[in-house]
Amino acid sequence: MGYCQDDQLVSKICDLYEKISKLETLKPCQDVDTLFKQLVSTCIPPNPNIDVTKMSETIQEMRSNLIKLCGEAEGHLEHHFTSILNSFEDNPLHHLNIFPYYDNYLKLSKLEFDLLEQNLNGSVPKTVAFIGSGPLPLTSIVLASFHLKDSIFHNFDIDSSANSVAARLVSCDPDLSQRMFFHTVDVMDVTESLKGFDVVFLAALVGMDKKEKMKVIEHLEKHMSPGALLMLRSAHGPRAFLYPIIEPCDLQGFQVLSIYHPTDEVINSVVISRKLGGDGGVDHEDHQDSGLACNCSKIHAIMNKKSIVEEFAIEEQLS
């Protein structure tokens with residue numbers, strides 16, 4: 001443990017990391033649940049003195065490994081609860097509150113919806129993409145059920161098993177089954193279809209480290225429609241030991257509209273930005289379509305559900 005800084009908080013996180021990294025499995029069980037609960041409760045209290053970017057290389061490396069372990073454990077937890085939910089004979093969505101962090105998702109989704117509303121100038125997004133939706137796509141489900149009741153949601157995940165259990169989860173719901181679609185594809189292979197979205201959400205664990213996340217953001221910047229909104233999840237203070245950080249300077253080609261750092265049990269910070277276009281200062285030479293910025297609402301209005309689904313089917317066959 002010699003590589004840990006004197007700071008008590010960081011020492012405790014290092015200690016928990018050592019224990020977590022020695023676990024035989026990250027699937028839900030008593031040891032896993034206990035250690036991750038301790039980790040989350042250690043990282044949640046806001047602490048302005050903690051800036052992970054200024055810590056030693058060994059701490060940075062530990063943090064990077066810890067984020068990957070958290071991501072893996074989160075995936076197992078979601079799979080576990082989705083299989084329980086899918087075992088209900090009635091609509092599984094009526095039992096979402098069995099998921100231990102469901103209340104957090106309700107709060108986070110309300111927060112994200114409020115930020116969206118503030119920046120959409122009264123318009124309602126017709127089409128929403130969620131990249132990295134996973135086996136339990138709670139953000140999409142909560143937004144579609146309570147806040148964006150007429151929007152179409154396209155969920156992207158690279159893992160076919162995650163998509164298949166997630167699709168089964170909403171298949172019993174007469175409303176959501178008509179408005180929610182799942183695509184098994186690497187977002188780096190999705191190009192033209194990204195222009196069809198008013199809002200794109202990027203999950204916190206898509207791009208586990210800064211370099212990977214930057215690649216995804218650059219790809220989105222290249223292919224999203226000018227004027228479309230990008231919602232990102234970030235982390236602040238000690239919470240950055242759980243999730244990657246996104247800074248405004250990472251969002252080249254986007255205008256950062258708002259950054260919100262929660263201080264309650266909602267862990268993720270939220271960053272909302274708008275894809276620049278026209279004279280918005282995008283410096284990529286390949287942005288000849290940026291003149292569409294003023295017409296993008298008309299373009300979105302004429303896109304119907306059928307054409308966008310067909311477009312994805314073609315792209316998925318190609319990839």
Side-chain angles (χ1 to χ4, degrees), residues 13-44 61-88 92-93 95-109 130-142 155-171 180 182-187 201-209 212-213 216 233-235 238-244 265-268:
I13 293 168
C14 288
D15 185 43
L16 287 165
Y17 164 71
E18 294 286 338
K19 289 175 181 169
I20 289 168
S21 60
K22 289 188 175 84
L23 288 166
E24 283 178 21
T25 177
L26 290 173
K27 291 182 176 178
C29 63
Q30 195 168 355
D31 288 349
V32 171
D33 298 349
T34 302
L35 284 171
F36 277 100
K37 273 179 188 158
Q38 286 175 355
L39 178 66
V40 169
S41 61
T42 304
C43 294
I44 274 205
E61 197 180 327
M62 181 276 290
R63 171 182 170 251
S64 174
N65 292 334
L66 185 56
I67 288 172
K68 287 178 181 140
L69 292 170
C70 287
E72 199 184 321
E74 202 169 298
H76 287 310
L77 186 73
E78 289 189 10
H79 264 290
H80 174 74
F81 276 96
T82 304
S83 65
I84 295 172
L85 287 162
N86 278 332
S87 70
F88 285 102
L93 301 187
H95 305 277
L96 289 174
N97 60 337
I98 67 165
F99 185 67
Y101 300 105
Y102 181 58
D103 284 350
N104 286 18
Y105 276 92
L106 289 177
K107 287 178 184 169
L108 179 58
S109 299
F130 196 97
I131 295 160
S133 46
L136 185 54
L138 275 175
T139 301
S140 295
I141 289 169
V142 170
N155 298 289
F156 295 83
D157 204 284
I158 202 163
D159 178 355
S160 59
S161 69
N163 277 333
S164 95
V165 294
R168 193 175 149 206
L169 197 63
V170 300
S171 65
M180 205 166 269
F182 296 87
H183 309 282
T184 300
V185 63
D186 184 334
V187 68
F201 281 81
L202 184 62
L205 293 168
V206 173
M208 289 290 214
D209 60 35
E212 281 176 46
K213 203 173 271 286
V216 176
R233 288 173 181 174
S234 180
R239 297 163 185 224
F241 281 102
L242 306 173
Y243 292 104
E265 65 273 22
V266 173
I267 295 170
N268 290 115

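Side-chain atoms are counted along with the backbone in the values below, which use heavy atoms only and exclude waters and symmetry mates.
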(message) Any heavy-atom pair between the side chains of F36 and L26 that's under 4.5 Å?
(response) yes

Listing, residues 101-108 side-chain donor-acceptor contacts under 3.5 Å, not counting sequence neighbours, or none:
from: N104; atom 1: ND2; to: E265; atom 2: O; distance (Å): 3.1
from: K107; atom 1: NZ; to: E265; atom 2: OE2; distance (Å): 2.2

(request) Please identify each residue that fulfils ring-ring contact (aromatic ring centres under 6.0 Å, His included) with H95, with sequence neighbours left out. (result) F88

(message) According to side-chain hydrogen bond (donor to acceptor under 3.5 Å, both in side chains), who are the partners of D157, at least two apart in sequence or on a separate chain?
(response) none

(request) Check whether any side-chain heavy atom of P244 lies under 4.5 Å from a side-chain heavy atom of M208, and answer yes or no. (result) no

(message) Under a 3.5 Å distance rule, please check whether K213 uses its side chain to pair with a backbone N or O of L205 as donor and acceptor.
(response) no

(request) Drop me the distance from L93's CG to L138's CG, to the nearest 0.5 angstrom. (result) 9.5 Å

(request) Write down the atom of L85, the atom of P92, and the distance for their closest heavy-atom approach. (result) O-CB, 3.2 Å

(message) Contact between P28 and D33 at the side-chain level, heavy atoms closer than 4.5 Å - yes or no?
(response) yes

(request) For K37, enumerate each residue passing the salt bridge (Lys or Arg N to Asp or Glu O under 4.0 Å) test, keeping only those at least two apart in sequence or located in another chain. (result) none

(request) Please tell me if the side chains of F241 and M62 come closer than 4.5 Å, counting only heavy atoms from C-beta onward. (result) yes

(message) Between L66 and L16, is the side chain to side chain contact (heavy atoms under 4.5 Å, CB included) condition met? List the steps.
(response) CA-CA 9 Å; L66 185 56; L16 287 165; over 6 Å; no

(message) To the nearest 0.5 Å, what is the distance between CD on E18 and CD1 on I13?
(response) 13.0 Å

(message) Treating T82 as the side-chain partner and P135 as the backbone partner, does any N or O pair qualify as donor plus acceptor under 3.5 Å?
(response) yes

(request) Kindly write out the residues that satisfy side-chain hydrogen bond (donor to acceptor under 3.5 Å, both in side chains) with T139, not counting sequence neighbours, or none if the list is empty. (result) R233

(request) Go through the structure and list residues passing side-chain contact (heavy atoms from CB on, under 4.5 Å) with S160, not counting sequence neighbours. (result) T184

(message) So, using side-chain hydrogen bond (donor to acceptor under 3.5 Å, both in side chains) as the criterion, who are the partners of D159 when residues are at least two apart?
(response) S161

(request) Indicate the atoms forming the closest heavy-atom contact of L242 with C43, along with that distance. (result) CD1-CB, 3.9 Å

(message) Nearest 0.5 angstrom please: I20 CD1 to T34 OG1, how far?
(response) 10.5 Å

(request) Please identify each residue that fulfils side-chain contact (heavy atoms from CB on, under 4.5 Å) with D209, with sequence neighbours left out. (result) K211, E212

(request) Output all residues satisfying ring-ring contact (aromatic ring centres under 6.0 Å, His included) with F201, sequence neighbours left out; order by chain, then residue number. (result) F130

(message) Show the nearest heavy-atom pair for residues V142 and S109, with the distance to one decimal.
(response) CG1-CB, 3.5 Å

(request) Kindly compute the distance separating OG (S133) from NE2 (H183), expressed to the nearest 0.5 Å. (result) 9.0 Å

Under 3.5 Å, which donor-acceptor pairs do the side chains of residues 67-79 form with other protein atoms, sequence neighbours left out?
from: E74; atom 1: OE1; to: Y243; atom 2: OH; distance (Å): 2.7
from: E78; atom 1: OE1; to: L136; atom 2: N; distance (Å): 3.4

(message) Testing the basics here: between A203 and G132, what is the closest heavy-atom pair and its distance to 0.1 Å?
(response) CB-O, 3.4 Å

(request) Identify the two heavy atoms, one from N86 and one from V165, that lie closest to each other, and give their separation to 0.1 Å. (result) ND2-O, 3.3 Å

(request) Measure the spacing between OG of S83 and CZ of R168 and express it to the nearest 0.5 Å. (result) 9.0 Å

(message) Between V40 and I44, is the side chain to side chain contact (heavy atoms under 4.5 Å, CB included) condition met? List the steps.
(response) CA-CA 6 Å; V40 169; I44 274 205; 3.8 Å; yes

(request) For residues V185 and I158, determine if any side-chain heavy atom of one lies less than 4.5 Å from a side-chain heavy atom of the other. (result) no

